[in-house]
Amino acid sequence: MRSIKSNELRKMWLDFYREKGHTIISSASLIPENDPTVLFTTAGMHPLVPYLLGQKHPGGTRLADVQKCVRTGDIDEVGDNSHLTFFEMLGNWSLGDYFKKEQIAWSYEFLTSEKYLGIDPEKLSVTVFAGDEDCPRDEESASYWEKAGIPRNRIFFLPKEHNWWGPAGTTGPCGPDTEMFVDTGIPACSSECSPACSCGKYLEVWNDVFMQYNKNAEGKYEPLAQKNVDTGMGLERTIKTAQGVDSVYSTDVFLPIIAKIEELTGKKYGSDEATTKAIRVVADHIRTAVMIIGDERGVTCSNVDQGYILRRLLRRAVRYIKVLGGEKGLLSKVAEVIIASYKDVYSELEVNRDKIIGEIDAEEERFEKTLNAGIRKFEGIRTHQVGDTISGKTAFNLFETYGFPIEMTIELASESGLKVDMDGYNAAYKEHQAKSQAGAEQKFKCGLADSSEKTVKLHSATHLLHAALKKVLNDPNVSQKGSNITEERLRFDFNFPRPLTAEELKEVEQSVNDAISANVKITCEEMTLDEAKKAGAEAHFESRYGEKVKVYTMGEYSKEVCGGPHAESTGELGHFRIVKEQSSSAGIRRIKAVLE
Ligand code: SER
């Protein structure tokens, strides 16, 4: 394989697909606009879902891009040599255009041609779908691989667990895939060894998804009218292989970031395990934080949703820069290097430079304050401690109230000859996690920025608006596609093919204000989702709901499954006014409204 730098790979990818008649599109925002089921864009296909489902894309039926992605399911794993919270995905799409034959031939060309990746064909293995009750065995893909030059003994048939790709939420476009692997030279772990194995012999470089189905809310696979191709190649992982290094942190993407951390802290990457891990955590987390804050729809730290993930990343980075002996204010210096190395690819980072630097410094400052308060609290605990073990509950309280990491509590305790009841701490932590997860998900679904009185009223008005739109537009298919509510205004996205007329907007306003004048009580009942549907409640994003759901009823006007919170009666809301109606994306309209 040729040794390729990250900039070269991005360019090579786009050039290759441009030559094959593709339109190059720019990366979408990291913060999804119309998908309330996930916090961040997690794959290149994600912003393209409406087009994979059949909407026309202005760029045509062949698209390619480099997409910014964030996956935060495994923040605590970061520090080993492969987990990253931010990565770039090289992707290409056929929207009902070419299918398996062309894609597999091109994949082989891109992987093996000296003009592109130049991988020795002998080192390539592929996997294809083995078939099950939902979709047949993918002999077709296997035959195209064979034609391209991969012998049968390097084509592996694997079940859905390995060779099927669905979207981040549980519903949406999906299908069988074929994955491509490079032999790392590590000997096979057994005679059963295959790319499904994690022994390290096979390294995945690319995934071609043949998207032929839509998984609906009942979990059924409906064939899609248009057959699509969706492919994804992880940039960091590919250049790691191309540069022949053992970790993504030793590629040209991370080298300048790591050099800066070394310079700032005086510690050497690779000198020992703890130092290496700490440097990796700081490098990864600050890179992701820069991307989240600097995004065109960037956010700042908060206690909910994307802002909460950002806070976790930054606070974890603060802890690890401390492990490296770093002083306050160094993280934003690391951020400067990241902005500099990515500004030509993502110009928004340069535009948002002050915001990025300011937010990183501010969060460090805020964390520092709670930490100091926590240390004083700890002193109090220590003085009054009976016995030699601090209870799990007390340790958890330090974490929850003061953002006090457990590692630090243990360290401080041991300095005073004390232990911490870790079983008790873990139990308290698990309980809290389950509760806050449920809370965060509920809140997120409704898109509330906070639970202040004004926000809550606007949230109730959003339900009335939703019902009014259905009524006035006389279209049962109109439904919520996104919602975001702050103290100042509500923002509601819904599917509708054209702008609303002035009369329609007036009628919608009138209908909401009628419901407000009627001053009906807002009541809440808990029931199963089935019961809620039977009761005629509006229920979107249903696949994510747990057993029991809350149904909020506003007299005859609205009945909707929702996590709350809401006002007590509609009369409290005041006068409802639409300030703007505009397009949000293809087929999606957006209304901004206020209460006066
Ligand atoms: N959607 C597939 C993936 O994320 C291919 O792009 O791997």
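Numbering of ligands and ligand atoms starts at 1, following listing order. Index from 1, following the sequence. Please read these numbers as outputs of a predicted model, since none were measured by experiment.
By the 4.0 Å N-to-carboxylate-O rule, E236 lies close enough to R287 to be salt-bridged with it. The existence of a salt bridge linking D493 and R589 is excluded, since no basic side-chain nitrogen approaches an acidic carboxylate oxygen closer than 4.0 Å. Electrostatic pairing of D15 and R18 counts as a salt bridge here, judged by a charged N lying under 4.0 Å from a carboxylate O.
Annotation: atom 7 (O) of ligand 1 to nearest protein heavy atom, N207 ND2, 3.1 Å. Distance from atom 4 (O) of ligand 1 to its nearest protein heavy atom, with residue and atom name: W165 CZ2, 3.2 Å. Nearest protein neighbour of atom 6 (O) of ligand 1, counting heavy atoms only, is D230 OD1, 2.7 Å.
In the vicinity of A43, heavy-atom distances shorter than 4.0 Å reach the ligand 1 atoms 4 (O). Numbered from 1 in the order shown, with element, the atoms of ligand 1 that lie under 4.0 Å from a heavy atom of M45 read 1 (N). For ligand 1, the atoms lying closer than 4.0 Å to a non-hydrogen atom of V209 are 2 (C), 5 (C).
Using a 4.5 Å heavy-atom cutoff, the side chains of L84 and F254 are in contact.
Checked against a 6.0 Å centroid threshold, the rings of W106 and Y98 count as neighbours. Between F110 and W13, the ring center distance clears the sub-6.0 Å criterion.
Each of L310, I293, I309 was compared with C301 under the side-chain contact (heavy atoms from CB on, under 4.5 Å) criterion, and only L310 meets it.
Under 4.0 angstrom from ligand 1, the non-hydrogen atoms of T231 all belong to its backbone.
Checked against a 3.5 angstrom limit, the closest N/O atoms of G232 and ligand 1 fall inside it.
At least one heavy atom of M89 sits less than 4.0 Å from an atom of ligand 1.
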